[in-house]
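Step one of this worksheet: look at the structure below.
Both counts, for ligands and for their atoms, begin at 1 and track the order of listing.
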Amino acid sequence: MSRTHLPSPLTPATIAATALTALLAGCQGQWGTDVQSALHPAGRAAESIESLWWFLCILLTAVFAITLLLLGLALLTRPNPARPGPPLGPTRFVVLSGIALPALILVVLLFASVTTTVALRPPEPGLTIRVVGHRWWWEVHYPDLGIDTANELHIPVGVPVRIELEARDVIHSFWAPNLAGKMDLVPGGVNVFWLQADRPGTFRGQCAEYCGIQHALMGFYVVALPPDEFDAWARRMLSPPTLAEAAPDPPLAERGRELFFSPAAGCYACHAIKATPAVGDVGPDLTHMGSRLSIGAATLPNTSENLAKWILNPQAFKPGNLMPATPLAADDLDALVAYLESLE
Ligand code: CUA
């Protein structure tokens with residue numbers, strides 16, 4: 001009989017260790033990317049939001065601290081009829097600190113919010129990207145450039161980018177906190193907003209609206225490139241995927257290509273690869289799969305080892321996603337991975 005592993009009891013030490021790990025994990029980005037945080041802005045929209053955040057945080061912390069201080073004083077001070085009362089008198093004190101001051105603070109907050117909203121007005125876009133949310137990945141199109149990809153947006157630095165958002169199934173929310181605020185993706189409609197990166201970098205984004213059990217693993221990347229590097233990237237995306245002959249082991253990759261289109265693996269039924277008969281649109285476009293940062297919408301780093309594990313059993317990494325397990329023999333799996341990783 002196998003032993004059941006019971007969760008270890010929650011002691012103060014384990015709680016403290018878990019909290020510390022979580023805190024430290026928040027100080028670095030995933031797989032070497034910039035830390036995913038609205039407090040590390042890399043674009044002017046995110047900078048406006050960060051300024052508002054700090055203003056609200058400092059002002060409201062002060063309000064909270066002063067309120068607690070007054071409450072503490074009231075609780076600790078015993079009534080003493082011999083002592084003179086407050087100079088204002090109780091009624092004036094309540095009117096001033098309970099009505100006038102809060103009203104003034106609310107007006108200040110309203111002014112700060114409206115100022116930020118005005119600063120976030122969309123500028124004239126230099127590029128348009130259409131993003132379609134699926135459970136649980138992102139379809140990405142560049143309608144003006146004719147580029148289709150998935151789970152990664154490449155943008156040129158210093159250019160305002162218009163983002164058009166729609167959803168295929170349920171409501172999602174597009175949030176790249178280093179670059180802009182959030183916007184929902186709603187089935188049956190198109191929401192529009194914008195972002196801009198003012199420095200190069202790779203920024204992780206996240207679905208920010210609960211959309212099912214893998215909501216937390218619905219990540220994406222925004223890769224901001226200097227304009228000439230962006231142009232080179234776009235040219236590469238528009239060219240057909242690398243031929244299997246360019247792979248490190250051409251015969252292996254060629255066998256993988258045949259497997260991709262065979263009923264044994266069946267990959268072509270759900271995925272598309274440009275310039276091939278594969279036109280499936282159930283799963284992400286794999287045209288330049290080998291050049292992507294991640295597998296499964298930021299679930300695993302894109303390495304041959306991870307891709308092999310993912311193909312064998314995607315449900316082990318992202319339970320509930322639509323990709324079924326593909327039980328392949330080890331040599332077939334190696335061949336398929338070699339082909340997919342050669343698509344750069
Ligand atoms: Cu998509 Cu949460």
Looking at Glu209, the N/O/S atom that lies nearest to atom 2 (Cu) of ligand 1 is called O
| request: Tell me, please, if His215 has any N/O/S atom, main chain or side chain, under 2.8 Å from atom 1 (Cu) of ligand 1? | output: no
Query raised in the report: Do Asp34 and Arg199 pass the salt bridge (Lys or Arg N to Asp or Glu O under 4.0 Å) test, and can you show the C-alpha distance, the side-chain angles, and the key distance before you say yes or no?
Result: CA-CA 11 Å; Asp34 277 51; Arg199 63 174 166 86; 2.8 Å; yes
**OP:** Kindly determine whether Phe230 and Leu127 satisfy side-chain contact (heavy atoms from CB on, under 4.5 Å), including the steps that lead there.
**Re:** CA-CA 12 Å; Phe230 174 80; Leu127 176 72; 3.9 Å; yes
Of all the N, O or S atoms in His172, the one nearest to atom 1 (Cu) of ligand 1 is ND1
The angle formed at atom 1 (Cu) of ligand 1 by SD of Met218 and SG of Cys211 is about (to 10 degrees) 110°
Discussion item. If the threshold is 4.0 Å, N to carboxylate O, is there a salt bridge linking Glu139 and Arg130?
Written reply: no
- request: Tell me whether the centres of the aromatic rings in Phe174 and Trp138 are closer together than 6.0 Å.
  value: yes
